[in-house]
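These notes are about the structure you will find just below.
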Amino acid sequence: DLDRADLQVVVWEAEDEELKQMLHEGVDIHSENAKVVGLSRYEAKQFVHATNYGAGARKLSPLFNKTVHEMEIAQARWFSAHPGIERWHRRTALGLPKVSNKFDYQIHFFDRPDTLLPKALAWIPQSTVAIVINHGLVALDKQFPEVQILLQVHDSLLLQIPTEQVDILLPQLTKAME
């Protein structure tokens, strides 16, 4: 399971040095974000994710049982603390109806123009993470024939290994995936 995979892609797309540093240090980023946006840790985790993916205050209001105005304030705080996120939104919007990820995969959207930005903002990190985990899957398949790969689910792999080899293989598998 890749640690905070989608968030990491968003942070690098946004070129946000503060969030990059927090991720490198292993800080509880959701607690820190909660302080910025004025929500509980649990709410902040979901709020930031939704905001990063283009959800507006009107959509967030009923989800958090807050007024639209309260959500606008929380989003203003978020974008003020991390302006790179908003710049990433604008850069992405400029490329619509087509966007690409760091692997140079592209997608063309054919939906109504007013629905495209959230889809594009979600596709970039989600596609990037799926490709990264797939690269890991291929590497494991080549390096460890005794490992049976059962399933890839977005940012994680489900593997099966012989019980008697767990202590030996698990550290090797982790290192190979890193």
Side-chain angles (χ1 to χ4, degrees), residues 1-34 39-55 63 78 82 84-85 88-89 91-92 95-111 116-178:
D1 183 31
L2 295 175
D3 184 37
R4 302 177 285 192
D6 288 32
L7 176 61
Q8 296 213 34
V9 175
V10 169
V11 167
W12 262 259
E13 288 286 338
E15 300 172 351
D16 188 303
E17 296 305 320
E18 180 183 0
L19 290 172
K20 284 180 185 182
Q21 186 65 34
M22 289 166 56
L23 287 168
H24 279 311
E25 292 174 0
V27 170
D28 182 350
I29 202 161
H30 304 304
S31 292
E32 295 304 313
N33 292 344
L39 297 169
S40 73
R41 182 194 182 281
Y42 176 78
E43 290 172 326
K45 180 179 179 180
Q46 297 180 346
F47 170 84
V48 166
H49 185 72
T51 297
N52 288 347
Y53 282 10
L63 298 175
W78 178 245
H82 302 287
I85 303 287
W88 171 56
H89 286 190
R91 276 194 320 271
T92 303
L96 290 173
K98 176 182 81 171
V99 294
S100 60
N101 64 23
K102 294 298 182 190
F103 290 98
D104 228 13
Y105 283 80
Q106 298 179 351
I107 188 169
H108 295 259
F109 293 99
F110 297 102
D111 294 333
L116 298 185
L117 185 58
K119 291 175 185 181
L121 292 171
W123 182 83
I124 293 169
Q126 290 173 358
S127 66
T128 302
V129 167
I131 293 167
V132 167
I133 199 78
N134 195 51
H135 282 258
L137 180 152
V138 170
L140 291 184
D141 192 49
K142 288 179 182 176
Q143 293 176 40
F144 300 94
E146 64 275 38
V147 172
Q148 187 177 18
I149 300 168
L150 301 176
L151 184 65
Q152 175 184 349
V153 180
H154 180 56
D155 68 346
S156 64
L157 291 175
L158 180 61
L159 310 171
Q160 182 171 285
I161 58 179
T163 306
E164 63 276 1
Q165 294 182 331
V166 169
D167 291 340
I168 296 166
L169 282 177
L170 203 51
Q172 294 174 5
L173 293 169
T174 302
K175 184 174 177 153
M177 288 298 291
E178 290 173 349

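Predicted model only: the values in this text are computed from it and were never measured. In this chain, numbering begins with 1 at the start of the sequence shown.
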Within a strict 4.5 Å, meaning less than it, do heavy atoms of the Gln106 and Val99 side chains meet?
no
Can you check whether Trp12 and His24 have ring centres sitting under 6.0 Å from each other?
yes
Verify the distance criterion only: is there a donor paired with an acceptor across the side chains of Trp123 and Asn101 at less than 3.5 Å?
no
What do the steps show when you test Trp88 against Asp16 for side chain to side chain donor-acceptor pair (under 3.5 Å), and what is the final call?
CA-CA 10 Å; Trp88 171 56; Asp16 188 303; over 6 Å; no
Sub-4.5 Å side-chain heavy-atom contact between Val11 and Arg4:
no
Do Leu63 and Phe47 have side chains that approach each other closer than 4.5 Å (heavy atoms only, starting at C-beta)?
no
Counting C-beta onward and ignoring hydrogens, is there a side-chain heavy-atom pair between Ile161 and Gln165 closer than 4.5 Å?
no
Lys45 atom NZ: more than 12 heavy-atom contacts under 6.0 Å:
no
When you compare the side chain of Met177 with that of Leu157, does any pair of heavy atoms fall below 4.5 Å?
yes
Nearest heavy-atom approach of Pro118 to Gly54 is CG-O, 4.0 Å
Sub-3.5 Å donor-acceptor pair from the side chain of Gln152 to the main-chain atoms of Ala130, do we have one?
yes
For His89 and Thr51, work out which heavy atoms get closest and say how close.
CE1-O, 3.2 Å
Could you measure the distance from the CD atom of Gln126 to the NZ atom of Lys119? Nearest 0.5 Å is fine.
12.5 Å
Pair Gln21, Glu17: side-chain N/O donor-acceptor within cut-off below 3.5 Å
no
Please determine whether the number of non-hydrogen atoms from other residues, nucleotides or ligands lying under 6.0 Å from atom CG of Asp167 exceeds 12.
no
For the residue pair His135 and Phe103, is the inter-centroid distance of their aromatic rings smaller than 6.0 Å?
yes
Side-chain heavy atoms of Ile124 within contact of Glu13, under 4.5 Å
yes
Identify the heavy atoms of Ala44 and Ala34 that sit nearest to each other, and give their distance.
CB-CA, 3.5 Å
Hey, are Asp6 and His154 close enough side-chain-wise for a donor-acceptor pair under 3.5 Å?
yes
